[in-house]
Q: 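Below you will find the structure I want to go over with you.
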Amino acid sequence: MSNPVDDVPIRDSMIRLGQLLKLANLVEDGVEATELIKNGLVKVNGEIDDRRGRQLRNGDTVTVNNQTVRVVAPAED
């Protein structure tokens, strides 16, 4: 059984991985985000990603500790 995916709306067309982890309340702060990413505990679109500055766009998913969130960017005009 898969875990539910929570949508996380963002203001712009992209957000960096470290920022999304904080916005989605998956981490307390940037230090925790850095540690999780550095230790290979964060998956982006199902693949481990160790780049805190990874740019995420609409529809990308991020999984940490069996919690998955999906980036929802505003519609482009």
Q: To the closest 0.5 Å, what do you measure between CG (Leu56) and OG1 (Thr61)?
A: 9.0 Å
Q: Find the distance between CD (Gln55) and CE (Met14) and round it off to the nearest 0.5 Å.
A: 4.0 Å
Q: Listed by chain and number, what are the salt bridge (charged side-chain N to carboxylate O under 4.0 Å, His left out) partners of Arg52, not counting sequence neighbours?
A: none
Q: Give me the other members of the hydrophobic cluster that Val5 sits in, counting Ile, Leu, Val, Met, Phe, Trp and Tyr linked by side-chain heavy atoms under 4.5 Å, directly or via other members.
A: none
Q: So, does Asn39 use its side chain to make a donor-acceptor pair with the main chain of Leu36 at under 3.5 Å?
A: no
Q: State which residues pass side-chain hydrogen bond (donor to acceptor under 3.5 Å, both in side chains) with Lys38; sequence neighbours excluded, sorted by chain then number.
A: Glu35
Q: Side-chain donor-acceptor pairs under 3.5 Å in residues 62-72, sequence neighbours left out?
A:
| unit_1 | atom_1 | unit_2 | atom_2 | d |
| --- | --- | --- | --- | --- |
| Thr63 | OG1 | Thr68 | OG1 | 2.9 |
| Arg70 | NH1 | Asp7 | OD1 | 2.6 |

Q: Applying side chain to side chain contact (heavy atoms under 4.5 Å, CB included), name anything that partners Arg51, two or more places apart in sequence or on another chain.
A: Asp49, Arg54
Q: Got a second to check how far Ile10's CD1 is from Asp60's CG, nearest 0.5 Å?
A: 9.0 Å
Q: When the side chains of residues 18-30 are checked against the rest of the protein, which donor-acceptor pairs come out under 3.5 Å, sequence neighbours left out?
A:
| unit_1 | atom_1 | unit_2 | atom_2 | d |
| --- | --- | --- | --- | --- |
| Gln19 | OE1 | Arg16 | N | 3.1 |
| Asp29 | OD1 | Val31 | N | 3.2 |
| Asp29 | OD1 | Glu32 | N | 2.8 |

Q: How long is the span from the CG atom in Asp50 to the CG atom in Leu41, to the nearest 0.5 Å?
A: 11.5 Å
